[in-house]
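Note: hydrogens, waters and symmetry copies are ignored here, and every other heavy atom, side chains too, is used. Per chain, numbering begins at 1; letters A, B, ... match sequence-line order.
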Protein chains: 2
Amino acid sequence: MAVIDRKKLILEAAAKSFSLYGYKATTMDQVAKLANVGKGTIYTFFKTKEELFEEIINSLIADIRFEVESVLDESASILENVNSVLVRVHAFRESHQLTIKLIQEERDMGTQTVVEAMQRVEQSIIQYMKAIIQKAIDKGEIKSCDPEVTAFVMLKMYFSLVIDWQRNHPPLTKEEIAKLFELYLLKGLLA
Amino acid sequence: MAVIDRKKLILEAAAKSFSLYGYKATTMDQVAKLANVGKGTIYTFFKTKEELFEEIINSLIADIRFEVESVLDESASILENVNSVLVRVHAFRESHQLTIKLIQEERDMGTQTVVEAMQRVEQSIIQYMKAIIQKAIDKGEIKSCDPEVTAFVMLKMYFSLVIDWQRNHPPLTKEEIAKLFELYLLKGLLA
DNA sequence: AAACTGACTAAAATACTAATTTGGTCATTT
DNA sequence: AAATGACCAAATTAGTATTTTAGTCAGTTT
C-alpha cells in the first residue's frame, strides 16, 4: 500500500536511537526526525516516551524468545538444553546493540526506567527456563524442585561465571563453564 | 601507661565515623575532633584518608575471619560448615554497622574507594572458603574441583538466594536456603 | 474531517559561577 | 620530639542562568 506505516517507522527509529544512544540520551525530537514524522505523531501511537521504550523492550523479549526457541531440542538432555539456552542468551546480550547499550546505561547511570526494563527481560528469560525445567521434572530427568528458583539460580550462576568471575580472573572458556555447570548444578559436589 | 595511644584513638574515631556516615561523608577534621587529636597527628600515622580507611577495612576483615573461625567445626560435614560460614557472614553483614553503611554507599553512590574495599572483603571471604573446600577435597568428602571457583560460586549463589531473590519474591527462610544449597550444589539436580 | 505537523510551554537537565569544604602541609607550640 | 591547628590548593557543593526536552494543541495538509 502507498500509505506509510508510521507506527512502524517510529518503532524502527526509536529502536535505532535507543541502540545508538541509550534511553536517556534519546530524545523524542530525534526519533521524530529519524522516522521522518512530526513529533506529535509519535504521541498518537504512544502515550509517553516510556511507553514507546516499553514496546521496544517487548520486541527485544520476543527476539530473545525466538532465539531461545530456535535452539531448544526436545530430544536433547536437560543439561544440553539449559546450556544451549544460556549460551544463546549470552551471545545475544553480547551481540545485540540495544542490550549492550542498555546494560551499559544500567551500570553507568542507573537510569530507573532502564533498570526496570532489564529486570523485565531477565524475568522473561527465567520464565522460559522455568518451562524447560518443569518439563525435565515431568520427564523424571531431574529431581522434583521449584522450577522458578531453579531457573533463577541457573541464570545467576551462569552470569556469575561469565561476567563476575572475569573481574578478578582470566575468563573461563565456554567448555569450562559447561563443565562447571554440570558439576555444581547437575551432578553435585558430593563424592 | 599514662601516654595516650593516639593511633588507637584515631582508628576508633575513624571506625565510628565511617560506620555512621560512610567513607565520603567522613572528614579528617571530624575524625581528628572525635579522636581528640590534632589533624596533623592523623598524618603521622596514615599517609592519606584512603590509607586510614584501608586499615579499618583490614580490621573488618580480621573481625569477619574471627567470626568465621569461631563457627568452623573440624568434625562437621562440609555442608554444615559451608552453611555455618555463609550464615555467619550474612549475619555479620546485616548487623555490623560499618558493613551496612558501606554496602549502602557502594550501591547508592558507587564511591570507587568503597567499591574496591568491599571487593577486597569479598575476596578474603572467598579465600577462607577456599581453604575449607580444599580440606573437604583432601578428606574425600567432595569431588576434586577448583577450590577457588567453587568458593566463588557458593558465595555468589548464597547472596543470590538471600539478596537478589527478595527483589521479586518473598524471602526464603534460612532452612529453605540450606535445603536449596544442598540440592543444587551438593547433591545435584540429576534424578 | 481525519491525519499529521511543528511551534510552543512548563518542567527538567545542564552549564556555569560563587562560595564552601576538605585533604593534606608545615611553622609553631608543648 | 611529638603534637597541633591555621593555612592553602584542590575539590565539592550550592545557587543560578541557560538550554534542552517531553508532551500539547492550534493550525495545516491530504
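Using a 4.0 Å cut-off, no side-chain N or O of B:R6 falls inside it from OP1 or OP2 of D:dA2.
Atom OH in A:Y21 sits about 16 Å away from atom P in D:dT20, given to the nearest Å. The interatomic distance linking A:E51 (CD) with D:dG23 (C1') rounds to 13 Å, in whole Å. Rounded to whole Å, the distance from NZ on B:K33 to P on C:dT22 is 11 Å. The nearest whole Å value for the distance from the CD1 atom in A:I42 to the P atom in D:dT21 is 13 Å. Atom C1' of nucleotide C:dT14 and atom CE of A:M109 are separated by 12 Å, given to the nearest angstrom. Counting to the nearest Å, the P atom of C:dT22 and the CG atom of B:L34 are 14 Å from each other. Computed from coordinates, the A:K7 NZ to C:dA3 P distance equals 15 Å when rounded to whole Å. The CZ atom of A:F53 sits 13 Å away from the P atom of D:dA22 (whole-angstrom rounding).
Using a cutoff of 4.0 Å between basic side-chain nitrogens and carboxylate oxygens, A:K135 and A:D138 are not scored as salt-bridged.
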Original post:
In the 5'-to-3' direction, what one-character label does each nucleotide of nucleotides 24-30 of chain C receive under the scheme B = base within less than 4.0 Å of a protein heavy atom, S = sugar-phosphate only, - = no such atom?
Top reply: BBB----

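Using bins of under 30°, 30° to 60° and over 60° for the plane-to-plane angle, the ring pair A:Y158/A:F181 lands in the perpendicular bin.
Checking D:dA22, D:dT12, C:dC4 against the side-chain heavy atoms of A:T27 singles out D:dA22 as nearest.
Across all their heavy atoms, A:F159 and A:V89 have their closest contact at CZ-CG1, 4.1 Å. Minimum interatomic distance between B:T150 and A:Y184 (heavy atoms only, all atoms of both residues): OG1-OH, 2.6 Å.
In terms of position on DNA chain D, the residue among B:K24 and A:A25 whose nearest nucleotide sits closer to the 5' end is B:K24.
A cation-pi geometry, defined here as NZ or CZ lying under 6.0 Å from the six-membered ring centre and within 45° of its normal, does not hold between B:K8 and B:F45.
Under 3.5 Å, the side chains of B:E116 and B:Q112 contain a donor-acceptor pair of N or O atoms.
Between B:R120 and the options B:N58, B:V115, B:I125, a side chain to side chain contact (heavy atoms under 4.5 Å, CB included) holds for only B:N58.
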